[in-house]
> 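One structure, as structure tokens, below. Some questions next.
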There are 2 protein chains.
Amino acid sequence: MPKPAPARRVTAADIAQAVGVSRATVGFVLNNTPGQTISEGTRTRVREAAARLGYRPNKAATALAGGRSRIVLLMLPDWPADFSMRTYLEEASRALDEAGYSLVTQTHSAARMARPLWEALNPDVVVGWARFEDQDVASMRAAGITRIVPGPDAQVPLDEAPGVGDGARLQVDHLYDLGHRRLAFAAAADPRIADLVGARASAAQDRAVIRGAELRDVRAVGDAACSAAEAVRAWHEAGVTGIVAYNDEVAAALVGAAVRAGLRVPQDLAVIGHDDSPLAALFVPSLSSVRMDAVRAGRFLAEVALREAEGRPLSPLRYEPDTRLVVRESTAAGAAAGIDEAGADDA
Amino acid sequence: MPKPAPARRVTAADIAQAVGVSRATVGFVLNNTPGQTISEGTRTRVREAAARLGYRPNKAATALAGGRSRIVLLMLPDWPADFSMRTYLEEASRALDEAGYSLVTQTHSAARMARPLWEALNPDVVVGWARFEDQDVASMRAAGITRIVPGPDAQVPLDEAPGVGDGARLQVDHLYDLGHRRLAFAAAADPRIADLVGARASAAQDRAVIRGAELRDVRAVGDAACSAAEAVRAWHEAGVTGIVAYNDEVAAALVGAAVRAGLRVPQDLAVIGHDDSPLAALFVPSLSSVRMDAVRAGRFLAEVALREAEGRPLSPLRYEPDTRLVVRESTAAGAAAGIDEAGADDA
DNA sequence: CTGCGGAACTAGCACGCGCAAGCAGCTCAG
DNA sequence: CTGAGCTGCTTGCGCGTGCTAGTTCCGCAG
């Protein structure tokens, strides 16, 4: 053997030399550049040589020359990437990959980096779940990023954004239909997700008003066991019989606290969670919850990112979430005793 | 106003023009290029102009010219990014940012992408938790990536890698010290994490042999409630009194099944989880678990990636994990009744 | 024989930056 | 007075690709 390989990457010039054409031709063939007439024979020979040599275009050069990196950066809030989130991301990633884009996600940590990821990656689009802070927007602008979703002047508040409040409305409806009229909302104490928690809480409150139930008390339940116990005690004393929890973890904490306090779930206190995490089914008693169609949400994200990347309008696009109730023991029907007298005043 | 801004990104040439020096000088100043003598006055003026104009170097151009992207790609297995993982990633990200690198993570999905992320990002280093498949290594090679950790011919098996088996050993020791002699390992059914599950299982088995306990039955517990019930029944019939669970979720499923089957936890069956997820403290009974120091692990990852990126040797680096037992109700001391006769034959 | 138009390419610039090489001006030993 | 050595810069190439503006060849009508 004279030398196994030059350990140098294969470039378009190598293909050009191997085939005996110019580098431009190679580019035209491999990119299917419209407006160029290249004979079928040449096309074939170029493609074969590319495959044979294992050509991978240098993305840094592509990005520099073309001005597009074909990267979509998704900034996620700092909450757990549970299993439905993973499905969501996987689907979005798959859909974008099909369109020739790569999805990169980062969970936005509180500590501000010296070099934010959008600066390092040069993404074509930055997508977030909530509006970005002005500081971040300015940083993106300086990094040459013009396509930001949601735009810096998005007008829709988070709790009215499609999909965000649907789960909360289902939760309220479910408890109402079981006869509960005094409800409370159990928020998560984690400040990092305050936006989403607040959005779900206000969606729940609005729904309660519409249905004619009472949902005033919004209380944060932290990781500390005592806070859950305290909340359960206060709610029970106030005559609350149904609790809308921000997510399954909060619901679990409350159910645990209720059981420890000697309350029966769901007879004395019904609790419904959100997200249908695996934990919900395992808990004793098992937790009712709300599940969202992560695949559909992922596809929606991909579509939004693609349209933005290619400068197509987002407007005709509408997200139709598929949110479903998952009823389990923690809100079992027929078990809500002693609350009939409270809810007899309306149809 | 004649026109607010050309909407064009600020380049080094703009700074050069503003200051009245050549573009090279700008580069030398901003990169602190060694071996160049630039007067302090010029340095200051360049830096001021850069700040004033909001200069952000184009990373695509930097990567192309310098051959380094200063990106570290971490490929994670497809398991949940729970809260300790997030701490881990955050710390690693912070440490790398300090050194001028960006950390990008991707959870390796089963579906193979048309364009893997390492191709799109051109990272200097790709780091994984387990050895990469040959196919992936080949793909990285073709994309011009030479620095891969662990190397394609890493010799240390996963269960002997520092940190991987420590938790399992602690779990076994804990149950042993409580008097349990017949143990079982509860694996997770998810095939995506089979490697890690297997590594923990074999570490647990080895430890049990060393201590003189019996741990033979390794059984997968899936999401379906029936599989947990079935496993609990089989183990209880076989006289197993202590269960080492792969993680807290599996532990929760087992404890739930045991309670439903009328067994007392921990009196009839002690269960210890792994990872100390928030769920562990909330469950009723609360779950004993094992917690690892995610901050330390994150720093270790960053250090490994940095050394590899800069071509420094990894060898003198040693990971000293800080793995600790968290004892809760599911293995409460003194509650293990009726097993004393089984464990009287050794010191 | 000339002109023309289309097919099938090629030459070469631009992208923004890192960095090697070079060059003017000055100082100072010999 | 020369030239070696230093400071403080500038010129310019190269990275690999996209893409515009050609150029060559060739068939065919006039």
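Keep in mind the model is a prediction, meaning the values are calculated, not measured. Each chain gets a letter, A, B and so on, in the order the sequences are listed, and its residues count up from 1.
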> Does A:D293 have any salt bridge (charged side-chain N to carboxylate O under 4.0 Å, His left out) partners at least two apart in sequence or in another chain, and if so, which?
A:R296
> Can you sort out the partners of A:D322 under side-chain hydrogen bond (donor to acceptor under 3.5 Å, both in side chains), two or more places apart, ordered by chain and number?
A:R324
> For B:T42, which contact category applies under a 4.0 Å heavy-atom criterion: base, sugar-phosphate, or nothing?
sugar-phosphate
> For DNA chain C, which nucleotides open and close the run of contacts to chain A, 5' to 3', at under 4.0 angstrom from a non-hydrogen atom?
C:dA7 to C:dG16
> For A:A305 and A:V125, work out which heavy atoms get closest and say how close.
O-CG2, 3.9 Å
> I'd like to know if B:R147 pairs up with B:E310 as an ion pair, taking the criterion as any Lys NZ or Arg NE/NH1/NH2 lying under 4.0 Å from an Asp or Glu carboxylate oxygen.
no
> Enumerate the residue pairs fulfilling salt bridge (charged side-chain N to carboxylate O under 4.0 Å, His left out) with a member in residues 66-75 of chain A, sequence neighbours excluded, ordered by first and then second residue.
none
> Can you give me every donor-acceptor pair (side chain of residues 138-145 of chain B, partner residue at least two apart or in another chain, under 3.5 Å) with its distance?
unit_1, atom_1, unit_2, atom_2, d
B:S139, OG, B:W118, NE1, 2.8

> How is B:T37 classified with respect to the nucleic acid when contacts are heavy atoms under 4.0 Å: base, sugar-phosphate, or nothing?
base
> Carefully, step by step, assess B:E90 and B:R86 under the rule salt bridge (Lys or Arg N to Asp or Glu O under 4.0 Å).
CA-CA 6 Å; B:E90 202 165 305; B:R86 282 183 292 153; over 6 Å; no
> Using salt bridge (charged side-chain N to carboxylate O under 4.0 Å, His left out) as the criterion, list what pairs up with A:D14, not counting sequence neighbours.
A:R8
> If you take any heavy atom closer than 4.0 Å to DNA chain D, which residues from residues 62-69 of chain B end up in contact?
B:L64, B:A65
> First and last nucleotide of DNA chain D in contact with chain A, 5' to 3', at under 4.0 Å to a heavy atom: what are they?
D:dG16 to D:dT20
> Extract all donor-acceptor atom pairs below 3.5 Å that involve side chains of residues 52-60 of chain B and protein atoms in other chains or at least two apart in sequence.
unit_1, atom_1, unit_2, atom_2, d
B:R56, NH1, A:E119, OE1, 3.3
B:N58, OD1, B:A60, N, 2.8
B:N58, OD1, B:A61, N, 3.2

> List for me each residue that meets side-chain hydrogen bond (donor to acceptor under 3.5 Å, both in side chains) alongside B:E91, sequence neighbours excluded, and say none if there are none.
B:R94, B:R299
> Have a look at B:A12 and say if it touches a base, only the backbone sugar-phosphate, or nothing, with a 4.0 Å heavy-atom cut-off.
sugar-phosphate
> Check every strand shown and say whether B:T25 touches a base, only sugar-phosphate, or nothing at a heavy-atom separation below 4.0 Å.
base
> List in numerical order all residues of residues 15-23 of chain B for which some heavy atom is under 4.0 Å away from an atom belonging to DNA chain C.
B:R23
> Residues two or more places apart in sequence or in another chain: which of them pass side-chain hydrogen bond (donor to acceptor under 3.5 Å, both in side chains) with B:S93?
none
> Do other residues, nucleotides or ligands put more than 12 heavy atoms under 6.0 Å from B:D134 CG?
no
> Please name the pair of heavy atoms, one in A:F132 and one in A:V126, separated by the smallest distance, quoted to 0.1 Å.
CZ-CG1, 3.7 Å
